[in-house]
A.B. asks: 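Dropping a structure here in structure tokens format, bear with me for questions.
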Number of protein chains: 2
Amino acid sequence: MTLTHAEAVDDRLPRYHQLRDDLKSRIASGAWHPDEPIPTEAELARTYAVAIGTVRKAVDMLVQEGLLLRSQGRGTYLRRPRFDRSFFRFFRQVDADGVRSVPVSRILSQSCETPCERVSQALALSSGDKVLQLKRRRSMGASSLIYEDIWLPADRFAALQALPLDEFGNLLYPLYEEKCGEIVASARETLTIEPADDVVASELGMEAGKPVVVIERLALGYDQRPIEYRLSRGAAEQFRYQIDIV
Amino acid sequence: MTLTHAEAVDDRLPRYHQLRDDLKSRIASGAWHPDEPIPTEAELARTYAVAIGTVRKAVDMLVQEGLLLRSQGRGTYLRRPRFDRSFFRFFRQVDADGVRSVPVSRILSQSCETPCERVSQALALSSGDKVLQLKRRRSMGASSLIYEDIWLPADRFAALQALPLDEFGNLLYPLYEEKCGEIVASARETLTIEPADDVVASELGMEAGKPVVVIERLALGYDQRPIEYRLSRGAAEQFRYQIDIV
DNA sequence: AAGTGGTCTAGACCACCGA
DNA sequence: CGGTGGTCTAGACCACTTC
């Protein structure tokens, strides 16, 4: 077993486990890009001097954890996060006819601000660092579904400041990647319920004081550095979320 | 490969996959009990006429799915469901001192009823079947946390009807198992948000019309038959739920 | 000491992909 | 066609639990 990257390894751990940790820190250090396959299993077995079955077990774990994606015949790749599990998907996105359709996003404003304490801490900024703040509405037909505040570290997202609001498109993360080279690798979402304040109520076309679901999201890169902090709000009435317990 | 139980198998599927399906239907048919180990890997390999590595892969999948639990040196067991993932755990259970403590359950009433349509359908009852209905409060110190309606098929839970309310204890599922032989193997929970009606508001000590989180739970046995249907409500203000997206 | 699951190896062959 | 991951096998040895 010849490790290439990990700092400190516990020799008592199984090899596949050490190997998994080593691959994980290579991912975190940006060794690979999601568009290119990582080394083949045979090559990993050679460079780490272990049997191919051991490599397969280590890769299996990382696939299980959601970091890697195997594709028979092609190779194994870094995985982009799957936002189909996000809370957003659980606002009932059905229009009047009962037809499920895709909501449309629109950026309402963009500005460069001094962050409040909460945002500064979430994004792990130094004092003096600025943030780029976006306000955004996602709507379905005529009715607003979700109202969002989005904060980005201004220095790493300078390229967005020059962009006209109507060129942001429906999806932000591909834009981050294309314009700023920032790839979102994972996120943590927290759901709470609050009464709507006047701003949110008017944006969502509801009565102030009625409950809204607040989704707080912190998006991280492969190196676990914060990339984006976001607060999204939608009418609680339209929210329905399901889990299976086994 | 000699399957023992599965009805129709697709020969094109990998053996470990067929084996997994076969084990799964043996579990559903009640072949094993969570307190006794299932056959050893070596024995499964012999009876199914496959290599032990193939058995391991099939068992790995079932462990991953949460149905089995391995214990080195002891054996492999049916797993009881892990309710630590349940929505319930996400009501902030801290008392005035900020100390996290365990809520206390109390059964408020018990009665034998004709079920409403919603309950009847959830429990897959025939017309004429009765339900045993429990009302229950979980509280922390002086304050109520959660108010619950619980419905059980009356015929399978007859043993509970004779039980005094103060002998139900804190946990229901072990009671179901001990008194009625009904083992909960999995559950599905759905979260919605509603305004509190008068009954719920008074039970939870809050103002009517304020939002409550409603958790609907359908608990199933290993054979996927419904065992219990439950509606639980707690003040939305105290709810906070988190997921990781990778 | 006997029996269980856990680790690791080595090799054969299959299924799929892209050039 | 060559290269990738996927399946399956067989066997050696280790670590843990129970008696």
Side-chain angles (χ1 to χ4, degrees), chain A residues 1-3 6 9-23 26-27 31-79, chain B residues 1-3 6 9-23 26-27 31-79:
Chain A
M1 185 72 167
T2 49
L3 294 176
V9 221
D10 191 335
D11 255 346
R12 297 165 300 183
L13 255 38
R15 295 193 199 190
Y16 69 82
H17 201 301
Q18 298 176 41
L19 179 46
R20 180 199 80 127
D21 292 346
D22 198 73
L23 293 173
R26 288 175 76 178
I27 291 170
W32 302 306
H33 186 280
D35 291 335
E36 294 293 323
I38 71 169
T40 68
E41 297 181 341
E43 186 168 343
L44 289 173
R46 226 179 313 116
T47 58
Y48 284 98
V50 295
I52 199 165
T54 304
V55 172
R56 283 187 65 77
K57 178 132 189 175
V59 171
D60 277 345
M61 293 181 79
L62 292 170
V63 168
Q64 198 59 53
E65 294 174 44
L67 277 79
L68 295 180
L69 185 65
R70 310 179 106 120
S71 180
Q72 181 172 163
R74 271 205 299 269
T76 301
Y77 294 79
L78 279 198
R79 170 165 227 160
Chain B
M1 184 72 166
T2 48
L3 294 177
V9 221
D10 191 335
D11 255 347
R12 297 165 300 184
L13 254 39
R15 296 193 200 191
Y16 68 83
H17 201 301
Q18 298 176 42
L19 180 46
R20 180 199 80 127
D21 292 346
D22 198 72
L23 293 173
R26 287 175 76 178
I27 292 171
W32 302 305
H33 187 279
D35 291 336
E36 293 295 322
I38 71 169
T40 68
E41 298 181 341
E43 185 168 345
L44 290 174
R46 226 179 312 117
T47 59
Y48 283 99
V50 296
I52 199 166
T54 305
V55 171
R56 283 188 65 77
K57 180 133 189 176
V59 171
D60 278 344
M61 293 180 81
L62 292 170
V63 168
Q64 198 60 53
E65 292 175 46
L67 279 80
L68 296 180
L69 184 65
R70 310 179 106 120
S71 180
Q72 181 171 164
R74 269 204 300 268
T76 300
Y77 295 80
L78 280 199
R79 170 166 227 161

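Values below: every heavy atom of this structure, side chains too, minus hydrogens, waters and symmetry copies. Residue numbering restarts at 1 for every chain, and letters A, B, ... go by the order of the sequence lines.
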A.B. asks: Please confirm whether the shortest side-chain N or O distance from Y16(B) to OP1 or OP2 of dC8(D) is below 4.0 Å.
C.D. replies: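 Checking dC8(D) against Y16(B), no side-chain N or O comes under 4.0 Å of OP1 or OP2.
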A.B. asks: Measure the distance from CD on E36(A) to C1' on dT4(D) and round it to the nearest whole Å.
C.D. replies: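 Roughly 15 Å, once rounded to whole Å.
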A.B. asks: Please confirm whether the shortest side-chain N or O distance from T54(B) to OP1 or OP2 of dT9(D) is below 4.0 Å.
C.D. replies: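 So the side-chain polar atoms of T54(B) do come within 4.0 Å of the phosphate oxygens OP1 or OP2 of dT9(D), strictly under.
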A.B. asks: Rounded to whole Å, please give me the gap between OH in Y77(B) and P in dT17(D).
C.D. replies: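 From Y77(B) OH to dT17(D) P: 11 Å.
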A.B. asks: Between L23(A) and Y48(A), does the side chain to side chain contact (heavy atoms under 4.5 Å, CB included) criterion hold? Intermediate values first, please.
C.D. replies: CA-CA 11 Å; L23(A) 293 173; Y48(A) 284 98; 4.0 Å; yes
A.B. asks: Output yes when at least one side-chain N/O atom of K57(B) is less than 4.0 Å from OP1 or OP2 of dC8(D), else no.
C.D. replies: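 The answer is no; no side-chain N or O of K57(B) sits under 4.0 Å from OP1 or OP2.
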A.B. asks: Could you state the interatomic distance from CZ (R20(B)) to CG (L13(B)), rounded to the nearest 0.5 Å?
C.D. replies: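 If I round to the nearest 0.5 Å, the distance is 8.5 Å.
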A.B. asks: Nearest to the R56(B) side chain among dG6(D), dT9(C), dT7(C), which nucleotide is it?
C.D. replies: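 Of the options given, the side chain of R56(B) lies nearest dT7(C).
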A.B. asks: Which residue in the set D60(B), T40(B), T47(B), L44(B) passes side-chain contact (heavy atoms from CB on, under 4.5 Å) when paired with V55(B)?
C.D. replies: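 The side-chain contact (heavy atoms from CB on, under 4.5 Å) with V55(B) is passed solely by L44(B) among D60(B), T40(B), T47(B), L44(B).
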A.B. asks: Once you round it to whole Å, what is the distance between P of dA10(C) and CZ of R46(A)?
C.D. replies: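 That distance rounds to 14 Å.
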A.B. asks: Whole angstroms only, please: what is the CD-P distance between E41(A) and dT7(D)?
C.D. replies: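 After rounding, the reported distance stands at 11 Å.
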A.B. asks: Nearest-nucleotide wise, let me know which of I52(A) and H17(A) is further upstream toward the 5' end of DNA chain C.
C.D. replies: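 By nearest-heavy-atom nucleotide position, the 5'-most residue is H17(A).
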A.B. asks: Any chance you could measure H33(A), atom NE2, to Y77(A), atom OH, to the nearest 0.5 Å?
C.D. replies: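 If we round to the nearest 0.5 Å, H33(A):NE2 and Y77(A):OH are 12.5 Å apart.
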A.B. asks: With a 4.0 Å cut-off on heavy atoms, is V59(B) in touch with a base, just the backbone sugar-phosphate, or nothing at all?
C.D. replies: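 The residue V59(B) makes no contact with any strand.
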A.B. asks: Would you please test I27(A) and I38(A) for side chain to side chain contact (heavy atoms under 4.5 Å, CB included) and show each step?
C.D. replies: CA-CA 10 Å; I27(A) 291 170; I38(A) 71 169; over 6 Å; no
A.B. asks: In terms of the nearest nucleotide of DNA chain C, which residue is placed more toward the 5' end: A42(B) or A49(A)?
C.D. replies: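 Residue closer to the 5' terminus by nearest nucleotide: A42(B).
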A.B. asks: To the nearest angstrom, how far is L13(B) atom CG from dC8(D) atom P?
C.D. replies: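 Atom-to-atom, L13(B) to dC8(D), this comes out as 9 Å.
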A.B. asks: Starting at CZ of R12(A) and ending at C1' of dG6(C), how long is that distance when rounded to a whole Å?
C.D. replies: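 For the pair R12(A) CZ and dG6(C) C1', the rounded distance is 17 Å.
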A.B. asks: Look at R74(A) and dG18(C) and indicate whether a side-chain polar atom (N or O) is within less than 4.0 Å of OP1 or OP2.
C.D. replies: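 Affirmative; the distance criterion is met.
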A.B. asks: Closest to the Q72(A) side chain: dC16(C), dT9(C), dG18(C)?
C.D. replies: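 Closest of the options to the side chain of Q72(A): dC16(C).
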A.B. asks: Write down the distance between CG (L62(B)) and P (dG5(C)), rounded to a whole number of angstrom.
C.D. replies: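 Taking CG of L62(B) and P of dG5(C), I get 14 Å after rounding.
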A.B. asks: Please state whether the phosphate of dT4(C), meaning OP1 or OP2, lies under 4.0 angstrom from any side-chain nitrogen or oxygen of T76(B).
C.D. replies: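 T76(B) to dT4(C) OP1/OP2: no side-chain N or O under 4.0 Å.
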A.B. asks: Phosphate oxygens OP1/OP2 of dG6(D): is one of them under 4.0 Å from a side-chain N or O of R70(A)?
C.D. replies: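 R70(A) to dG6(D) OP1/OP2: side-chain N or O found under 4.0 Å.
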A.B. asks: Check the distance between dC16(C)'s C1' and L69(A)'s CG and give it to me in whole angstrom.
C.D. replies: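 In whole Å, dC16(C) C1' and L69(A) CG are 15 Å from each other.
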